[in-house]
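See below for the structure under consideration.
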Protein chains: 2
Amino acid sequence: MRIALDAMGGDYAPEAIVKGAILAAQEIDEGTSLLLIGKEDVVSSLLKEYGYTGNNITVVNASQVIEMGEHPTKALTQKTDSSISIGYGLLKMQKADAFCSAGNTGAMLVGSMFSVKAIEGILRPPIANFVPKLGGGYGIMLDVGANADCKPEVLEQFGMLGYIYAKYVLEIPNPKVGLMNLGEEEGKGTTVIQAAYQRLKANTSLNFIGNIEGRDLFNDKADVIVCDGYTGNIILKMAESIYDILNHKGIHDPFFDKFNYEAEGGSPILGVNGNVVIGHGVSSPTAVKHMVLQAQKMASTKVWERFKKHYSE
Amino acid sequence: MRIALDAMGGDYAPEAIVKGAILAAQEIDEGTSLLLIGKEDVVSSLLKEYGYTGNNITVVNASQVIEMGEHPTKALTQKTDSSISIGYGLLKMQKADAFCSAGNTGAMLVGSMFSVKAIEGILRPPIANFVPKLGGGYGIMLDVGANADCKPEVLEQFGMLGYIYAKYVLEIPNPKVGLMNLGEEEGKGTTVIQAAYQRLKANTSLNFIGNIEGRDLFNDKADVIVCDGYTGNIILKMAESIYDILNHKGIHDPFFDKFNYEAEGGSPILGVNGNVVIGHGVSSPTAVKHMVLQAQKMASTKVWERFKKHYSE
């Protein structure tokens with residue numbers, strides 16, 4: 001198995017990414033290798049500088065870099081030899097089983113739609129994120145920002161994608177799918193949410209448990225939290241700020257420490273023809289390591305192929 | 001000045017409410033009195049039992065009680081001698097300068113629309129809530145649940161109502177109004193949020209500072225946080241759950257302790273012809289005291305009359 005990693009993406013690239021790649025290389029399965037994409041001379045000399053002597057990292061040259069602030073579509077069109085373009089090329093040609101980057105989020109999103117493309121039948125691929133649970137483990141919340149406005153049928157698909165991801169990648173048997181709402185009762189919420197409720201309820205391929213509220217985010221009511229990208233993004237950033245405030249105050253706790261983005265390392269784009277993980281811009285070596293391990297898990301559990309199979313049946 | 005308080009509303013009514021009324025009676029301004037509405041014999045004997053000997057609480061008889069689970073419209077129509085109906089009657093006839101209750105939220109909302117009614121020009125009265133700020137004090141967030149779907153013009157009004165409330169009741173000079181969104185840049189968000197942005201930007205009566213994100217809830221970017229009731233409700237309940245989790249873990253901190261609903265005691269309904277505060281169902285005596293003091297502040301700063309004046313100009 002080969003995991004492609006963008007060495008040039010992220011606020012602390014390439015140094016933090018190369019360090020993270022070396023950490024990951026020590027933990028990935030035998031038979032898995034890392035394809036580290038970036039300016040070959042820079043990346044190779046960093047690998048040397050950091051004392052890497054293994055044989056499971058291969059450097060793939062990419063002469064260009066898409067910067068964090070660049071316009072996604074324009075950058076992808078103009079920089080065809082950028083690390084993101086090369087990474088998606090490898091994924092599309094199945095020379096990589098997964099691609100991850102802590103670089104320009106917009107370029108990663110647009111790139112996935114341009115190259116591997118959405119799975120046939122998937123209306124709007126979401127970005128997912130992980131929610132630590134008080135009882136241990138993680139739930140998955142989607143969308144967290146790719147699609148601000150979502151139609152009911154799009155929210156239903158988020159439920160299905162999240163269900164499959166939670167079942168195979170998070171290894172939760174029959175994951176509980178909840179719809180984020182302002183009250184528990186059926187009939188609550190916006191007109192879109194009310195319609196999404198009916199669609200999820202009628203979908204017999206997933207385990208819909210009904211509405212959940214803001215207070216249920218961290219409890220065991222739902223393993224899969226369905227919401228539009230506007231709402232999910234606000235929840236995610238609010239949770240991150242709670243972690244930052246606690247951290248700043250010197251308050252440490254095993255549960256709240258899991259709010260740290262480093263713990264899971266990245267957010268997968270679901271519903272495209274390939275395993276893609278986007279890392280946080282400020283990704284540290286530890287975060288990069290976890291992003292790679294998550295990508296490996298997605299590839300080994302064949303999660304995108306499962307999405308595809310579900311929507312082709 | 002007279003503040004009407006529903007003695008029968010709330011999970012721990014009438015005991016907790018009467019206790020709270022006695023606490024409030026010790027702190028309200030000279031010249032302010034409390035109208036404690038409920039079953040006269042019950043309320044009077046509780047006042048006696050709890051040792052109240054002052055002269056600033058008057059018991060107003062109401063023979064009926066709207067229970068927490070009752071259907072709001074039906075209950076209000078049938079129970080015209082309930083404490084909520086009597087309270088709104090006093091407010092409408094200007095025999096009370098404010099009315100507060102920790103009872104059936106739906107009945108309080110519907111009651112406000114039936115009795116004192118929305119201020120002319122106000123499309124959808126919101127419920128507001130208070131957000132503790134890291135730098136001290138509170139901001140105000142609205143709507144937190146009265147209106148799940150909100151049109152851009154409704155969100156603009158929330159900004160205006162919040163601006164006036166923050167300026168006069170919270171005494172923040174020229175409060176900063178922020179629109180809750182998934183990114184800072186103009187043009188981000190749902191189509192409704194994008195349109196609301198333009199309306200708020202064009203409104204010269206308030207101090208619009210643009211979009212804020214989930215991570216900005218507790219910092220000093222905005223004093224007034226504008227969002228629809230679906231989003232605000234999720235944020236509010238998530239914040240409450242964070243407080244509960246910290247509390248359960250025995251983690252106490254002056255900032256996070258302000259997440260406790262008791263600290264402000266209640267949520268005002270804004271944009272109706274009168275000062276109305278809704279308390280949390282589980283209101284304790286301390287919460288009731290703060291709810292009364294908040295109602296007094298709203299009345300003394302003439303906040304609803306200011307709303308009315310703004311929208312009649």
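Letters A, B, ... mirror the listed sequences (proteins, then strands); counts begin at 1. These numbers come from the heavy atoms of this one structure, side chains and all, not from hydrogens, waters or symmetry mates.
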Any [X] side-chain heavy atom under 4.5 Å of [Y] side chain:
| X | Y | value |
| --- | --- | --- |
| B/P175 | B/L170 | no |
| B/I193 | B/L179 | yes |
| A/Y88 | A/S112 | yes |
| B/V154 | B/D228 | no |
| B/I122 | B/Q157 | yes |
| B/K221 | B/E184 | yes |
| B/P152 | B/V192 | yes |
| B/V177 | B/V226 | yes |

Could you please state which residues from [range] sit under 4.5 angstrom from chain A, measuring non-hydrogen atom to non-hydrogen atom, sorted by number, or 'none'?
| range | value |
| --- | --- |
| residues 208-218 of chain B | B/E213, B/G214, B/R215, B/L217, B/F218 |
| residues 129-148 of chain B | B/L134, B/G145, B/A148 |
| residues 230-238 of chain B | B/Y230, B/T231, B/N233, B/I234, B/I235, B/K237, B/M238 |

Practice task
Mark yes when over 12 heavy atoms from residues, nucleotides or ligands other than B/Y12 sit less than 6.0 Å from its OH; otherwise mark no.
Solution key: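 No, the 6.0 Å shell around OH holds no more than 12 heavy atoms from other groups.
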Handout entry: Greater than 12 external heavy atoms within 6.0 Å of A/H252's NE2
Key =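 More than 12 heavy atoms, drawn from other residues, nucleotides or ligands, come within 6.0 Å of this atom.
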Exercise for the section: Scan for salt bridge (charged side-chain N to carboxylate O under 4.0 Å, His left out) pairs involving residues 245-254 of chain A, sequence neighbours excluded, and state none if there are none. Expected result: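 Qualifying pairs: A/K249-B/D253, A/D253-B/K249.
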Problem - B/E156-B/N203 side chain donor-acceptor pair, cut-off 3.5 Å - result: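 B/N203 and B/E156 do have a side-chain donor-acceptor pair below 3.5 Å.
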Handout entry: Value rounded to 0.5 Å, distance of CE in B/M68 from OG1 in B/T105
Key =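 It comes to 6.0 Å.
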Problem - chain A contact via B/F259 - side chain, backbone, both or neither, heavy atoms under 4.5 Å - result: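 Side chain of B/F259 only, per the 4.5 Å heavy-atom cut-off to chain A.
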